[in-house]
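I have placed the structure first, in the form of structure tokens, so that the comments after it can refer back to it.
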Amino acid sequence: MTGEMIFVAIIIILMLIGLSFEVIRADFLIFLALVIFLLSGVISSEQALKGFSNEGMLTVLLLFIVAGAIQKHGIIEMIVYRLLGKAKDARKSMIKVTLPIGFASGFLNNTPIVVALTPIIRDWAVDNGLSPSKFLIPLSYMTILGGTITMIGTSTTLVVHGLLLGSGMDGFSFFTTTVVGVPITIAGIIYLSTVGYKLLPEHLGAKDQISQETKEFLAEAIIEDNFEYQKNTVTELGSSVLDGIYIIEIIRNNSRVYPVAGDTKILTGDHIIFSGSLNTIGKIQKFKGVTIKTGTELTLDDVKNKDSHLVEAVVSHNSSLLNKTLKQANFKARHDAGVIAIHRNNQRIKSRVGDIVLKTGDTLLLLADNAFIENNKYSSDFYVVNDVAPPENLNQDMRKGWIGLIALISMILTVTLGWLSMLEAMLLLVVLLIGFKFITPNEIKKFVQFDVILLIASAFAVGEAMTESGLAQYIASGLTTLATPLGILGVLVITYIVTNIFTEIITNSAAAVLMFPISLEIASVLGIDYMGLIVTVAIAASASFMTPIGYQTNLIVYGPGGYKFTDYVKVGAPLSILTMIIACSIIYTVWY
């Protein structure tokens, strides 16, 4: 290995470690690697910026807009709500919903589908006396599998398509991956309705579990006449009496003070409703003039009123809240919402809420006003998952939804017939959606996940650094030497396994970009068709089932389903193996 290869390898290893331990946001971390490679001269300015003008990345950006416009008008939610109906057989209900969702995700971005459907399916399950955990992992897995059916179903295939074009090769056709995507999607639904269904846990969702734990952390402090800090503000008492607690609301003279601001004064007779640990409660009750009622008879439903309601929010991959406490993030002032409790790995964190350092996948139970959901519906900080009314009760224009869906199908047809490229078709569709006011320019900013775009664009430069330094060729030679005695099928299997490990610990797009140059080198060394290996990388990078952090949809259902990390391993490992066997067998048969 040359010195430059060693340098690139060290930076990539550090990047992978940082991604695994969520040191900083994934998009910033990969962008930092880009900057290091540029400043050290490993790649040129042109190579560093290549990802930002890549056709695959730009198509991903446009698809966020198209999917957002269709999601906005509630078509998918309406169809699913009608499909669910009354639960007669839980397993049949799951199949009835997840199968069409799986195939629909081949033509729409799967992340907004899962965000929209998670609360509907969870609430339907609860209303019918079923565990949401029997439905939400299947929802995520089926959208992942279905996303491999076409080129636009997942960002991974679009990114790989862009890499091929950027390398001067033929990209994917619209249905290149269909020959693999359809069989693994069908195998997935069979698995999830048989063996997988038995392995799925029966957990309460985070909100239901938190509701059961209310008496453990919801407390009431009554301010007596002899309280020595009369008429002091919440801010003034924050470092002494109220240190370490999260005030939810104040009941004063049979009325509610909500939200509680920093300049709210504490008066005699106030009933302060707050969340805190037993240690916190013990500290507060030592102050003269404060009476604590631990086991308060108030429930979460009692705390709600017409202007506020309970909201679940899952902390996202690329949240600005990561590795900060609620105090450091100035959460209450920034979002105008109070955090009642935080769940991690299906367990409530028994600590002072304001001092908990937030991690990816944490589920926050918030008391928020009616504007919170609208303001944060498309926030990159978290996936908002709240109780929603049936789609027919929402303020949505179904006619526009159907027209948007038909327009998308028409554009897909023009791509399939070769009349337009994918980029041209999506550009035309976005112009039409804006022109006919199906979507506004302000909504576009909300729908586009710019953190994902930055991550994908930056990851291209990392791939360039591997190629330029010779590291990709070096790794490819090692893998080829290892796999050659096993034949081409062995090469496919090893490529699949390595890519799949990457996607479970980092992200699907980054895994695809890292393995792309290695796969091309392997194909060159062995003298075989590169397309089969590239399809292997695209499928393996998408098929993340064993961790909640490998794919966004897994993370979205993590808290609402009340899952533990080990649930993904238990249910996802057999599906990963099944998917690998089917995918590698078909790719070997079709291409080799």
Side-chain angles (χ1 to χ4, degrees), residues 54-57 59-60 63 67 101-111 113 141-167 169-189 408-409 411-413 415-418 421-423 425-426 456 489 492-493 495-497 499-500 502-503 508-509 511-513 515-516 519-520 523 528-545 551 553 575-576 578-592:
N54 182 273
E55 183 175 323
M57 190 277 296
T59 309
V60 172
L63 274 168
I101 287 172
F103 283 96
S105 65
F107 301 90
L108 286 171
N109 187 278
N110 47 20
T111 300
I113 290 178
Y141 286 0
M142 286 305 294
T143 58
I144 291 172
L145 290 166
T148 63
I149 292 175
T150 70
M151 184 174 73
I152 67 168
T154 173
S155 60
T156 317
T157 46
L158 282 164
V159 167
V160 173
H161 170 70
L163 286 165
L164 285 167
L165 295 178
S167 301
M169 303 175 182
D170 291 334
F172 288 154
S173 70
F174 191 82
F175 293 109
T176 296
T177 57
T178 306
V179 67
V180 183
V182 170
I184 62 175
T185 302
I186 293 170
I189 194 65
L408 174 62
I409 294 168
M411 288 299 109
I412 289 170
L413 187 60
V415 174
T416 307
L417 295 174
S421 71
M422 179 55 62
L423 182 62
M426 290 304 111
I456 292 171
L489 183 59
L492 291 176
V493 170
T495 302
Y496 188 103
I497 291 172
T499 307
N500 202 233
F502 275 149
T503 202
N508 52 326
S509 297
V513 170
M515 287 302 295
F516 178 83
S519 300
L520 283 185
I528 59 175
D529 184 3
Y530 65 85
M531 188 57 79
L533 274 170
I534 298 303
V535 171
T536 303
V537 168
I539 299 295
S542 297
S544 173
F545 307 119
Y551 207 99
T553 57
L575 182 58
S576 288
L578 179 65
T579 303
M580 180 185 71
I581 292 169
I582 295 171
C584 290
S585 300
I586 292 173
I587 292 166
Y588 179 74
T589 304
V590 172
W591 277 277
Y592 302 110

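We count residues from 1, following the sequence as given. Keep in mind it's a predicted model, so treat the numbers as computed, not measured.
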Taking the side chain as everything from C-beta on, heavy atoms only, tell me whether Ile152 gets closer than 4.5 Å to Met422.
yes
Kindly indicate whether the side chain of Met142, heavy atoms from C-beta on, has any atom under 4.5 Å from the side chain of Thr185.
yes
So Thr536 and Thr499, do their side chains get closer than 4.5 Å, heavy atoms only?
no
Rounded to the nearest 0.5 angstrom, the OG1-OH distance for Thr553 and Tyr141 is 9.0 Å
Heavy-atom donor-acceptor pair, Thr148 side chain to Leu145 backbone, under 3.5 Å:
yes
Can you measure from OH (Tyr592) to CD1 (Ile528) and round to the nearest 0.5 angstrom?
4.0 Å
Within a reach of under 6.0 Å around OH of Tyr588, are more than 12 heavy atoms found that belong to other residues, nucleotides or ligands?
no
Taking the side chain as everything from C-beta on, heavy atoms only, tell me whether Ile409 gets closer than 4.5 Å to Phe107.
no
For Ala425 and Val415, which heavy atoms make the closest approach, and how far apart are they?
CB-CG2, 3.5 Å
Rounded distance (nearest 0.5 Å) linking atom CD1 of Ile186 with atom CD1 of Ile582
9.5 Å
Check the pair Ser173 / Thr176 against side-chain contact (heavy atoms from CB on, under 4.5 Å), numbers first and verdict last.
CA-CA 5 Å; Ser173 70; Thr176 296; 2.9 Å; yes
Looking only at non-hydrogen atoms, find the nearest pair between Met151 and Phe172 and report the distance.
SD-O, 3.6 Å
Closest contact, heavy atoms only, Ala538 versus Thr157
CB-CG2, 4.2 Å
Within the structure provided, determine whether Ile586 and Pro183 are in side-chain contact (heavy-atom separation under 4.5 Å).
yes
Using a 4.5 Å cut-off on heavy atoms from C-beta on, say whether the side chain of Leu533 contacts that of Trp591.
no
If you measure from CG on Leu489 to OG on Ser585, what distance do you get to the nearest 0.5 Å?
6.5 Å
Using a 3.5 Å distance criterion without hydrogens, assess whether the side chain of Thr178 forms a donor-acceptor pair with backbone atoms of Ile149.
yes
Distance (rounded to the nearest 0.5 Å) between Asp170 CG and Leu165 CG:
8.5 Å
Between Met57 and Val159, is the side-chain contact (heavy atoms from CB on, under 4.5 Å) condition met? List the steps.
CA-CA 6 Å; Met57 190 277 296; Val159 167; over 6 Å; no
side-chain hydrogen bond (donor to acceptor under 3.5 Å, both in side chains) between Thr156 and Asn508, intermediate numbers included
CA-CA 6 Å; Thr156 317; Asn508 52 326; 2.9 Å; yes
Checking side-chain contact (heavy atoms from CB on, under 4.5 Å) for the pair Met580/Asn500: CA distance, chi angles, key distance, verdict?
CA-CA 9 Å; Met580 180 185 71; Asn500 202 233; over 6 Å; no
Considering non-hydrogen atoms only, spot the tightest contact between Ile144 and Ala543 and give its length.
CG2-CA, 4.2 Å
So do Phe174 and Leu417 actually touch side chain to side chain, heavy atoms under 4.5 Å?
no
Determine whether Ile101 and Thr143 make a side-chain contact, defined as any pair of heavy atoms from C-beta on separated by less than 4.5 Å.
yes
Heavy-atom pair of closest approach, residues Leu164 and Tyr530:
CD2-CE1, 3.7 Å
Quick one, Thr154 with Tyr551, criterion side-chain hydrogen bond (donor to acceptor under 3.5 Å, both in side chains). Give me CA distance, side-chain angles, the key distance, then yes/no.
CA-CA 11 Å; Thr154 173; Tyr551 207 99; 2.8 Å; yes
If you measure from OG on Ser519 to CG on Leu492, what distance do you get to the nearest 0.5 Å?
9.5 Å
List the steps and the verdict of side-chain hydrogen bond (donor to acceptor under 3.5 Å, both in side chains) for Ser576 and Thr579.
CA-CA 5 Å; Ser576 288; Thr579 303; over 6 Å; no
Closest heavy-atom contact between Ser167 and Leu520?
OG-CD1, 4.4 Å
